[in-house]
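Written out below as structure tokens is the structure these notes cover.
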Amino acid sequence: MFNSIANNFGAPVIAFKQVREQNYLVLNAKFTVNPQNEEYKAAKALEITVPTLNLERSTVTPVVIQRKVEKVYYGNAYNYDMGTFAKSWIKDAHTLCIEKLPVFDEFPEINIFIHSLYCQLGLEQAQRQGTYKKLSTVPANSDIRFDYTETFVVEFDKWVFLHLMVDYLSYSVDDKDVSVVFDNLPKDITADVPLMSALYSDHRILGGCMDTHIENGSWLSRAKDRNLGFSNTGNDVFSYAFLIKGEGD
């Protein structure tokens, strides 16, 4: 683990988990940014100064940017959280960069999730393979169904690549918290992982971006965190993340 040294967009200190492997690096972090901050407005890209990394430069990899929105109609609160992927890269051994997307400039606050793997730029070398494991709920849960072929982990010693895709959520639990245990999900992963959706009624560019939580082998979706597009079976609701086991290096 390490903390950031500085940044050019007015955020407080950012805590990172890391796993260093030969020629690549896995980073996990979550932090909040104020786009109305004068430093943020002046930045061309969001730059975070960090202790020395094991890469000099990296290929581009995605991070998630989220805007949380709650609206109240006739006394009932509804979730309209929205977001998308942005590019990120390691510029040098002390600087992590994130693409600044103008679509978020209007908002008072955004969240950035880094669940990313960075590969050394310009270096081709065979890497050892992880172990591919399909994920199933234990016991089977009829309230929520995941796509069997698109819900899996690829597991390494210190981290996993996770991909989830939700096929179906019963209307009977649409207003309830839903928690499932996955058979092959390591129990030493704790993370807030955004759940992305393609369709979103409240913004012409951004998609849905809902909070979920992973801990002790279980996955939790709170009713208050699900937006209105979750139950649409044509909405391609998915998560994509490189997640570190335990505290990492």
Side-chain angles (χ1 to χ4, degrees), residues 1-4 14-31 48 50-66 85-91 93-98 111-121 123-138 146-147 149-165 180-196 209 211-221 238-249:
M1 297 183 69
F2 65 85
N3 291 331
S4 63
I14 301 166
F16 287 87
K17 290 183 181 181
Q18 67 170 340
V19 169
R20 298 188 178 200
E21 302 281 11
Q22 185 177 11
N23 303 327
Y24 67 93
L25 172 68
V26 181
L27 293 178
N28 284 181
K30 176 186 175 182
F31 54 96
I48 304 170
V50 297
T52 305
L53 302 174
N54 61 317
L55 304 182
E56 296 177 358
R57 295 175 66 194
S58 81
T59 54
V60 171
T61 191
V63 301
V64 172
I65 304 181
Q66 176 200 57
F85 290 97
K87 298 176 184 177
S88 71
W89 64 95
I90 293 171
K91 184 173 73 171
H94 290 282
T95 311
L96 173 66
C97 295
I98 299 172
N111 296 320
I112 297 179
F113 297 80
I114 300 176
H115 297 137
S116 306
L117 184 147
Y118 298 86
C119 296
Q120 176 68 45
L121 184 66
L123 183 63
E124 293 186 8
Q125 181 170 330
Q127 300 289 346
R128 62 186 180 85
Q129 293 185 341
T131 303
Y132 171 86
K133 299 178 180 180
K134 291 185 177 181
L135 297 179
S136 301
T137 58
V138 181
F146 294 85
D147 185 295
T149 61
E150 298 293 339
T151 298
F152 61 88
V153 292
V154 180
E155 185 173 3
F156 291 79
D157 291 340
K158 298 181 180 180
W159 59 276
V160 302
F161 170 68
L162 171 72
H163 190 277
L164 305 178
M165 181 166 284
V180 300
V181 175
F182 285 116
D183 52 357
N184 287 320
L185 184 63
K187 294 185 181 300
D188 54 353
I189 292 174
T190 301
D192 294 323
V193 180
L195 194 66
M196 313 295 289
C209 185
D211 291 341
T212 69
H213 183 71
I214 292 173
E215 188 170 353
N216 196 31
S218 68
W219 175 89
L220 172 65
S221 170
F238 73 99
S239 287
Y240 168 102
F242 296 88
L243 299 175
I244 293 171
K245 298 178 180 180
E247 299 301 323
D249 294 339

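Here the structure is a predicted model, which means the values were calculated and not measured.
- The shortest heavy-atom contact between Pro194 and Val64 is CG-CG1, 3.9 Å.
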- Please test His94 against Thr52 for side chain to side chain donor-acceptor pair (under 3.5 Å), starting from the C-alpha separation and ending with a verdict. CA-CA 5 Å; His94 290 282; Thr52 305; 3.3 Å; yes
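- Sorted by first and then second residue, the salt bridge (Lys or Arg N to Asp or Glu O under 4.0 Å) pairs involving residues 180-189 (not counting sequence neighbours) form an empty list.
- The two atoms that bring Leu55 and Cys119 nearest to each other are CD1-C, 4.1 Å, heavy atoms only.
- Lys245 approaches Phe156 most closely through the heavy-atom pair NZ-O, 2.8 Å.
- Here the OG1 atom belonging to Thr151 is positioned 7.0 Å from the CG atom belonging to Leu135, to the nearest 0.5 angstrom.
- Put simply, CG on Asn54 and CG on Asp249 are 9.0 Å apart, with the number rounded to the nearest 0.5 Å.
- One finds the CD1 atom of Ile114 at 4.0 Å from the CD1 atom of Ile98 (value rounded to the nearest 0.5 Å).
- Enclosure of atom NZ in Lys134 by more than 12 non-hydrogen atoms of other residues, nucleotides or ligands within 6.0 angstrom is indicated.
- Contact record, Met196 with Cys209: SD-SG, 3.6 Å, taken as the closest heavy-atom pair.
- Taking every heavy atom of both residues into account, Phe16 and Val50 meet most closely at CE1-CG1, 4.3 Å.
- Here side-chain hydrogen bond (donor to acceptor under 3.5 Å, both in side chains) pairs that include residues 56-66, with residues two or more places apart or in two chains, are Gln66-Asn111, Gln66-Asp211.
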- With side chain to side chain donor-acceptor pair (under 3.5 Å) as the test, would you mind laying out the steps for His115 and Asn28 before giving the verdict? CA-CA 5 Å; His115 297 137; Asn28 284 181; 5.1 Å; no
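- The heavy-atom pair separating Val19 from Gly248 by the smallest distance is CG2-CA, 4.1 Å.
- Between the OG1 atom of Thr190 and the NZ atom of Lys17 there is a distance of 6.0 Å, given to the nearest 0.5 Å.
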- Task: Tell me, with the steps shown, if Lys30 and Asp192 meet salt bridge (charged side-chain N to carboxylate O under 4.0 Å, His left out).
- Result: CA-CA 8 Å; Lys30 176 186 175 182; Asp192 294 323; 3.4 Å; yes
